[in-house]
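Comments concern the structure below.
All figures in this text were calculated on a predicted structure; none of them were measured in a lab.
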Amino acid sequence: MAVTLEQVDTFHAERGNSEWAAIADDAHRRALIVRALDYVETNYAPLIEAAEAQPRYLMSVALLALRLFLSPNTDTVQSVKSEKKEMRGMKKEVEYFGPTSLDPFPGVTKLIAPLQVAAVIARSVTFGKLVR
């Protein structure tokens with residue numbers, strides 16, 4: 001594991017995050033860290049070489065682990081904008097507000113962005129004949 005339980009404990013203790021200290025079970029805290037690492041490695045890859053040694057990496061994993069504890073459902077929630085009903089025709093229409101952001105963890109994205117490998121745009125060459 002790139003980020004240890006001791007590192008995350010120290011991170012939250014230095015910042016006074018009592019919610020993290022309230023998790024008494026070490027196995028539960030380790031599981032949250034593994035879930036946070038999985039999320040970072042899945043959604044923000046590819047990362048620069050030695051990204052795991054950067055403080056931003058530790059910060060993003062530690063904050064994400066706490067966030068996963070506080071609200072385990074990472075899906076964006078849509079709230080109801082309007083609702084229409086008809087009794088006889090048994091028709092019901094529900095209109096939802098659009099999600100404010102497709103990124104459930106914008107703070108983590110800001111921390112990780114400098115550690116991501118820049119996208120390379122290659123020039124393309126096309127051979128062919130235009131037929132009308």
Side-chain angles (χ1 to χ4, degrees):
M1 182 168 21
V3 177
T4 65
L5 176 61
E6 293 76 25
Q7 289 175 311
V8 176
D9 286 345
T10 302
F11 176 86
H12 287 298
E14 289 174 350
R15 285 155 184 82
N17 292 338
S18 58
E19 295 92 355
W20 183 257
I23 307 170
D25 185 21
D26 284 353
H28 187 210
R29 286 187 286 174
R30 281 192 180 91
L32 289 168
I33 293 168
V34 168
R35 286 181 53 208
L37 284 167
D38 289 345
Y39 186 87
V40 167
E41 292 170 6
T42 301
N43 293 292
Y44 299 108
L47 297 175
I48 62 171
E49 191 175 328
E52 296 171 354
Q54 298 289 326
R56 286 176 169 270
Y57 190 82
L58 169 63
M59 289 173 64
S60 62
V61 171
L63 291 171
L64 187 55
L66 178 61
R67 176 83 185 270
L68 290 172
F69 170 70
L70 296 175
S71 58
N73 187 4
T74 59
D75 298 334
T76 55
V77 178
Q78 291 184 334
S79 55
V80 176
K81 183 177 183 181
S82 68
E83 193 171 333
K84 298 175 186 175
K85 295 180 183 178
E86 283 185 28
M87 296 304 283
R88 299 285 180 189
M90 302 297 282
K91 185 177 178 182
K92 181 178 179 179
E93 272 183 44
V94 179
E95 183 179 359
Y96 295 96
F97 286 108
T100 56
S101 172
L102 297 178
D103 184 2
F105 306 111
V108 173
T109 301
K110 286 180 185 177
L111 285 170
I112 290 287
L115 302 178
Q116 288 183 295
V117 174
V120 177
I121 300 173
R123 296 178 188 216
S124 65
V125 177
T126 305
F127 297 97
K129 180 179 173 184
L130 179 62
V131 179
R132 289 185 182 220

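Annotation for Gln7 and Ala2: closest pair OE1-O, 3.9 Å, computed over non-hydrogen atoms. Between Arg30 and Glu6, the shortest heavy-atom distance links the atoms NH2-OE2, 4.5 Å. Nearest heavy-atom pair across Leu58 and Val3 is CD1-CG1, 3.4 Å. The two atoms that bring Trp20 and Leu66 nearest to each other are N-CD1, 3.9 Å, heavy atoms only. Taking all atoms of both residues into account, the shortest heavy-atom contact from Ala36 to Ala65 is CB-N, 3.8 Å.
Residues meeting the side-chain hydrogen bond (donor to acceptor under 3.5 Å, both in side chains) test with Glu52, sequence neighbours left out: none. Qualifying ring-ring contact (aromatic ring centres under 6.0 Å, His included) partners for Phe69, counting only residues two or more places apart in sequence or in other chains: His28. Every residue two or more places apart in sequence or in another chain that forms a salt bridge (charged side-chain N to carboxylate O under 4.0 Å, His left out) with Asp26 is listed here: Arg29.
A 4.5 Å side-chain heavy-atom check between Ser71 and Arg67 finds at least one atom pair inside the cut-off. Using a 4.5 Å cut-off on side-chain heavy atoms (C-beta onward), Tyr57 and Val40 make contact. Under the 4.5 Å side-chain criterion, counting only non-hydrogen atoms from C-beta, Leu47 is in contact with Ile112.
When the options Leu32, Val34, Leu37 are evaluated for a side chain to side chain contact (heavy atoms under 4.5 Å, CB included) with Val61, the one that passes is Leu37.
Residues Met59 and Leu70 fall into different hydrophobic clusters, defined by Ile, Leu, Val, Met, Phe, Trp and Tyr side chains chained together at heavy-atom separations under 4.5 Å. If you chain together hydrophobic residues whose side chains sit under 4.5 Å apart, Ile23 and Leu64 fall into the same group.
In this structure, CD on Gln116 lies 8.0 Å from OH on Tyr44, to the nearest 0.5 angstrom. Note that CG of Leu63 is 6.5 Å distant from CG of Leu111, once rounded to the nearest 0.5 Å. Distance check, rounded to the nearest 0.5 Å: CG of Asp9 to CD1 of Ile33 gives 6.5 Å.
Geometric assessment of Arg35 against the ring of Tyr39 yields a negative cation-pi assignment under the 6.0 Å and 45° thresholds.
A distance-only check finds no donor-acceptor pair linking the side chain of His12 to the backbone of Ala21 [under 3.5 Å].
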